[in-house]
Amino acid sequence: MALVAGVCVAAIVGVVGVGPVTSAIGCAWQQVTGGGSCTTSSITGPVGASADDGDRRDAERDTRGNRRDDARGDRPSDEDPGTPPEGGTEGSDAYPGGLGPGVPGTTVPGGQQPPPWTPPDQGAGPYAGEDPSIRDRATLAAAEAAANALSGTWPDAARNLLHFLGNSGETYEQDVDSMLESSSALTEAVDAQQLNLAALAVEQARAAGATGPMTFPVNTPWNGVYITKDDSANWFYALGGISYNQTGSVTVTPPASPGEPWTYTTTTQVNIRDRYNWDGGKSTRIGPLTITDEQLARLHRVGLAQEFTAVGTSSTQNSSGEVP
Amino acid sequence: MTRLRPGPALVVATCVALTLATGACGLSDDAAGARPDAAGSTPTSESPSASRSSSAADSPEAVLGLAGLQLPPGAGGAQVETRTGLPENVEEAYRVTFVVDRGAALGFCASGGLGGDLPAVALTADQTEALGVEGTPAQGSRICASQWPENPAWQRTVLIEPDDPTTVHVGLERWSR
């Protein structure tokens, strides 16, 4: 039993970084350390051997199937003179207070792009600047297997890890609707921002002497929200902290009778950005062993995996209410 | 809210896959040779970290400068609080308060990429924690908030009270990710 446990620990420890930038395999490790269920397993070779082949194919499919952001222009290009910093995305400046100039009526031209975005850090270091070792290749294989094994439990965490391991470095689309459904932190932030935007719209419509509906375009600055493990384990391990903004419009309507409240309707999309990398600098000691984010960060530096920018846009979110 | 947990079978499958992929114990030496940690004091995702800031004695100007902001001209009574017992994702955090005339306070919200002010009708739990305030903002309060465009690791939240001159609360957090 101890040997089996040791094998599991060694295998996971070899590839896992535990910390804010923790992967699906990190989750597995925490489950193992927390519940000890790994020690009761019987390891049988043939199952894993066949699964490994399939998992690699899964990873390849995953990588090939996600090139849409290049076509959308989010991926930085060295040839473009207006290129944002590496891993950054282009965009349009946010409006003051998040609200653009209002117009009478219930519509404004759409198509607002979120503001330019810059990654918060430089990541693990230069890509493919070092030569990979046999150990690095073993780390890659183990990480792929673990990510595939956990894809049913934390699909987005596994998906992002596989994209990292897929080594394309391409911008990768995220399911923001799923994020909104799963994360109360993100939902609360979006809802609060919508209320404040509606209040600002009413303020400006009043100042403009509006006697009918008035609509304002919305493009807010990037703000941060951190999705904790308790909030959504899937998105915690997939991204953790993200930048979000809202684009769209808010329509405000004066009351029919004096003294009644104004009403508002917001029609927005939630956009997110994050840089997927392994530079957390965290480590965890398990018995005599120490595991670090460094082991996965190294895969980027030796060219076996590649950091990428995570982007996403939700479906249209509608909300309405009264502004006192 | 969807919250997924792995069952024992999943963990077993992971162990199997990992073990086979790595050749059983083939990686244990790697792990043993990995970067040494900080003698067991390294924070993990499970344990909130204490503030590791060395800026506790810094001036309000210096702390604001960390996050791309400047104390408005004419501001008085500026104070800095260095937060401790931080959430796992926050590397360092400060609360700065100062008093300034309302126009300068609103100008502060338009500076440093903060994005401009809007009515503070609603605050999130994270914002109230960052600011160190309680309850619903008083009517007439203004808010602005954004990541520092030049370094999004810094999240800045500003609450302006209704008065004139007014008290300005600034919450600054540097996130690990």
Side-chain angles (χ1 to χ4, degrees), chain A residues 7-8 10-14 18-22 28 31-32 37-38 41 43 47-49 51-52 94 96-97 118 120 135 138 141-142 145-146 149-150 153-154 182 184 188-189 192 195-196 199-200 203 221-224 226 233-234 240-241 243 280 282-285 289-292 294-295, chain B residues 1-6 8 10-28 30-32 34-37 40 42-45 87-89 110 113-126 143-147 149-153 155 175-177:
Chain A
V7 167
C8 294
I12 297 172
V13 159
V18 179
V21 191
T22 306
Q31 291 295 324
V32 170
S37 57
C38 194
S41 66
I43 298 176
V47 173
D52 184 56
T118 303
R135 289 176 176 179
L150 292 170
T153 305
W154 295 305
S182 306
S184 58
E188 182 192 22
L195 282 173
N196 293 337
L200 181 60
E203 190 176 270
W222 291 112
N223 270 278
Y226 195 82
N234 174 39
S243 303
K282 300 293 178 64
S283 61
T284 294
R285 181 179 291 169
L289 307 178
T290 298
I291 56 175
T292 69
E294 171 62 19
Q295 287 169 287
Chain B
M1 179 186 306
T2 301
R3 190 171 298 168
L4 303 172
R5 300 288 181 195
L10 182 60
V11 175
V12 169
T14 304
C15 293
V16 171
L18 282 168
T19 302
L20 292 172
T22 59
C25 293
L27 286 178
S28 59
D30 280 2
R35 180 177 67 80
D37 68 11
T42 309
T44 73
S45 61
E88 62 182 288
N89 62 302
L114 276 170
D117 65 287
L118 60 171
V121 176
L123 294 178
T124 67
D126 287 344
I143 188 174
C144 56
S146 79
Q147 294 176 322
E150 293 182 22
N151 182 0
Q155 173 68 36
W175 290 11
S176 58
R177 186 176 180 238

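Keep in mind it's a predicted model, so treat the numbers as computed, not measured. Excluded from the calculations below are hydrogen atoms, water molecules and symmetry mates; all remaining heavy atoms, backbone and side chain alike, are included.
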Considering residues at least two apart in sequence or located in another chain, which fulfil the side chain to side chain contact (heavy atoms under 4.5 Å, CB included) criterion with A:Ala94? A:Pro115, A:Pro221

Structural part of B:Ala125 lying under 4.5 Å from a heavy atom of chain A: both

Could you tell me which portion of B:Ala120 (side chain, backbone, both or neither) has an atom closer than 4.5 angstrom to a non-hydrogen atom of chain A? backbone

Can you sort out the partners of A:Glu188 under salt bridge (charged side-chain N to carboxylate O under 4.0 Å, His left out), two or more places apart, ordered by chain and number? none

When you measure from the side chain of A:Asn196 to the backbone N and O of B:Val121, does any donor-acceptor pair fall under 3.5 Å? yes

Residues A:Pro120 and B:Pro152: closest non-hydrogen pair is CA-CD, 3.7 Å

Taking every non-hydrogen pair under 4.5 Å, which of A:Leu200, A:Asn223, A:Leu195 racks up the most with chain B? A:Asn223

Select one option (side chain, backbone, both, neither) describing which atoms of B:Ile143 are under 4.5 Å from chain A's heavy atoms. side chain

Nearest heavy-atom approach of A:Gly224 to B:Gln155 is N-OE1, 2.7 Å

